[in-house]
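All figures in this text were calculated on a predicted structure; none of them were measured in a lab. Lettering follows sequence order; numbering is per chain, from 1.
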Number of protein chains: 2
Amino acid sequence: MMRTATLKSISKATGFSVTTVSRALGGFDDVNDDTRRIILEEAQRQSYEPNLQARLLQGMRSQTIGLIIPAYGPRFSDPFFSQFVAGVGNQAAIAGFDLLLSTHAPTPDELDTYRRMVAGRRVDGLILSRTRLHDARIEYLAQTTMPFVVFGRTQTPADYVYIDVDGYQGQAELTEHFISLGHQRIAYITPPQYLTFSYFRMQGFQDAMARHGLSIPTDYVVEGDLTESSGYAAASTLLQLENPPTVIMTGNDLMALGVISYALNRGLRVGDELAVGGFDDIPPAEHVHPGLTTMHQPIYQIGQHLTQALLDLIEKKPSDQRGILMPPKLIVRGSSGEVRPNKRG
Amino acid sequence: MMRTATLKSISKATGFSVTTVSRALGGFDDVNDDTRRIILEEAQRQSYEPNLQARLLQGMRSQTIGLIIPAYGPRFSDPFFSQFVAGVGNQAAIAGFDLLLSTHAPTPDELDTYRRMVAGRRVDGLILSRTRLHDARIEYLAQTTMPFVVFGRTQTPADYVYIDVDGYQGQAELTEHFISLGHQRIAYITPPQYLTFSYFRMQGFQDAMARHGLSIPTDYVVEGDLTESSGYAAASTLLQLENPPTVIMTGNDLMALGVISYALNRGLRVGDELAVGGFDDIPPAEHVHPGLTTMHQPIYQIGQHLTQALLDLIEKKPSDQRGILMPPKLIVRGSSGEVRPNKRG
DNA sequence: CACAGTATCCGAAACGTTTCGGAATTGTCT
DNA sequence: AGACAATTCCGAAACGTTTCGGATACTGTG
């Protein structure tokens, strides 16, 4: 059981003051070369490592960025977040930063988790994801000196760096893809309405339908919570309607997988009897049968970019970049089915 | 820009000493109920959050566990680690612990990263993975008071908690699976030999072959580095031999995916002209075409269990459990092919 | 009324680091 | 010789918290 080395222990061993030891190790130029050599040797001998807590107490950097995953229940297994974490973590690692991961449900006391990170000075910066139309986290952080970047937009007026994918345009494009295949009865499983991306995508869906003179029955829109099982449940509701849809689009791929799984259980031929469209393009979307037609979001790259932007912010590198809006890309797979004869909807 | 609240600021506002404020908030019973109420209200008003660094400096818990991923280059994207991180992260989240992620290549100065975590008191415990036969990290941590648990065994004699999957038995079982299908020319792409699991699996492979009177040509064993591209490269070497193997087994699924990808590029029918076997059973193994025969390891669950064991260790809950050895499970998929007529090998 | 016992509070030290301001020594220039 | 600058070092304060060892005042008891 070794005594942990401190500045004091080195000071005692070498006869120099704690201040001098600190400055020698810190690379300051007001210490004699011989002195520095002696101190460095002793530090080496004791295998000294500075105490990070004490350093931070002085207001120094923690070389750590924080990522709080907002979800009901632990959600590290969600491929969406896996990819996002991978992008963030890898980029942080390159810069020598560690990654502090935490989860919290989007409940009122969620802010406490953020406060803990900020006031506790545990991290040098934060990455937010899954923004809400009205986002208290952003309001809070904007009042703070803590640097942060955001995946997604919000209607909260505040000045911050974000990257988002154009959900309006994306959902409209996907909708028109199905319309062009001859579909008219298109249903949509939407994520909770308070989420920003949910709002934009709904708009895109509605406008695209309207542009083509198609109506959306009210019971064709069902809310899910982004999990596979909620997609399964919603599909069950939709497909037992008197006049069921021929297409089900969902707010994310995970729910689409649930839809496919329900359809297969019901013995429906996906692509043929029921077309399905997702959003995200997570890896399983490619491998499921039939393949899932979806809008591709470069989640991993967004994680990387956001992290780099955050690191720049932490380093106070000047940049006038505030928001980036990326277009998603339509990926057509088997779940789209073939062009169908234009029979009455 | 708000002033951050501290014990001192609350002390100043209420007129009570810092000590009393600390004890009131800490829930000690030597403070008057009225006093406590006043202090709590003021703390609320200032939205006080304790400074974690200062607390840690007193030797308290950081409510954080550390996970250092040993890999060349950032490797968060590796499905193996994704799953492991998910298991660890979710279990930690349930207990209210955060997760500190870091990566480091298994180079000599890798230990510095561990020292930083330990001496800097950044975490309350550490999770190690991908053990080596002779593992300096374990030697180091054993000298320390830092609690730690390990995914994998080692030959280093030390007393520690670990979970491992029986690679000897697993590789032997997989080998015999292919032998039972009529194969005799079986090649193996091994991970770097200094890794413990690599060692055990090689033994399992060799013993199984010996039991059935089959020999392993020296050029049938190639070393890979666990990445998909190294599997691709190794497959290229193996399949260009004068007398190529009819089966390629690999040290992990990622390399097996590389093998399949090479085989498909060469126009070989996987399963038919070349059988492939992996190890791990990561999600893509199920979705690739043809499906990958592999030994299933419950990586996610291992992450959960290890984390719980670590948390118990941190809480100093008594336990006599030291090591668990789990059997992997054979998963047969399309890459095995059919039983083949017993033509000369 | 003296005493112990209890309830309530607080000063000061400690954790390990950084940094401000200055002190001591030596050398350099008129 | 005196003034001045450069070099090298250090004491003390600060960061925000916890905790030890009392201090004070109030209660009830005999």
Applying ring pair (Phe, Tyr, Trp, His ring centres under 6.0 Å), can you list everything that pairs with [X], at least two apart in sequence or on another chain?
X	result
B:Y160	B:Y162
B:F148	none
A:Y48	none
A:F81	none

Rounded distance (Å) that lies between atom [atom2] of [N] and atom [atom1] of [X]:
X	N	atom1	atom2	answer
B:R37	C:dT8	CZ	C1'	16 Å
B:R23	D:dT19	CZ	P	8 Å
A:L7	C:dC15	CG	P	13 Å
B:I38	C:dC9	CD1	P	9 Å

I'd like to check the salt bridge (charged side-chain N to carboxylate O under 4.0 Å, His left out) partners of [X]; sequence neighbours left out, ordered by chain and number.
X	value
A:D98	B:R116, B:R122
A:R55	none
A:D29	none
A:D112	A:R115

Sub-4.0 Å heavy-atom contacts from residues 111-121 of chain A onto DNA chain C, ordered by number:
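Those residues whose heavy atoms fall under 4.0 Å from DNA chain C, taken from residues 111-121 of chain A, amount to none.
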If you check the B:N32 side chain, which of D:dT19, C:dT17, C:dT8 turns out closest?
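Output: C:dT8.
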Note down the inter-axis angle between the two ends of the helix from C:dC1-D:dG30 to C:dT30-D:dA1, five pairs each, to the nearest 10°.
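Both end axes considered, the difference amounts to 60°.
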With respect to the phosphate group of C:dT18, does any side-chain polar atom (N or O) of A:R55 fall under 4.0 Å of OP1 or OP2?
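Yes, such a contact exists.
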Any side-chain N or O of A:S22 less than 4.0 Å from the OP1 or OP2 oxygen of C:dT19?
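Negative; the distance criterion is not met.
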Near DNA chain D, which residues from residues 13-21 of chain B have a heavy atom under 4.0 Å away?
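Within residues 13-21 of chain B, the residues near DNA chain D are B:V18, B:T19.
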Tell me, for nucleotides 22-27 of chain C in 5' to 3' order, what letter each nucleotide earns: B for a base near a protein heavy atom under 4.0 Å, S for only sugar-phosphate near one, - for neither?
------
A:R121 CZ: over 12 foreign heavy atoms closer than 6.0 Å:
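No, the 6.0 Å shell around CZ holds no more than 12 heavy atoms from other groups.
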Verify ring pair (Phe, Tyr, Trp, His ring centres under 6.0 Å) between A:Y140 and A:Y114, making sure each step is shown before the conclusion.
CA-CA 9 Å; A:Y140 165 66; A:Y114 285 83; 7.6 Å; no
For residues B:Q53 and A:S62, determine if any side-chain heavy atom of one lies less than 4.5 Å from a side-chain heavy atom of the other.
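Sidechains of A:S62 and B:Q53: no contact.
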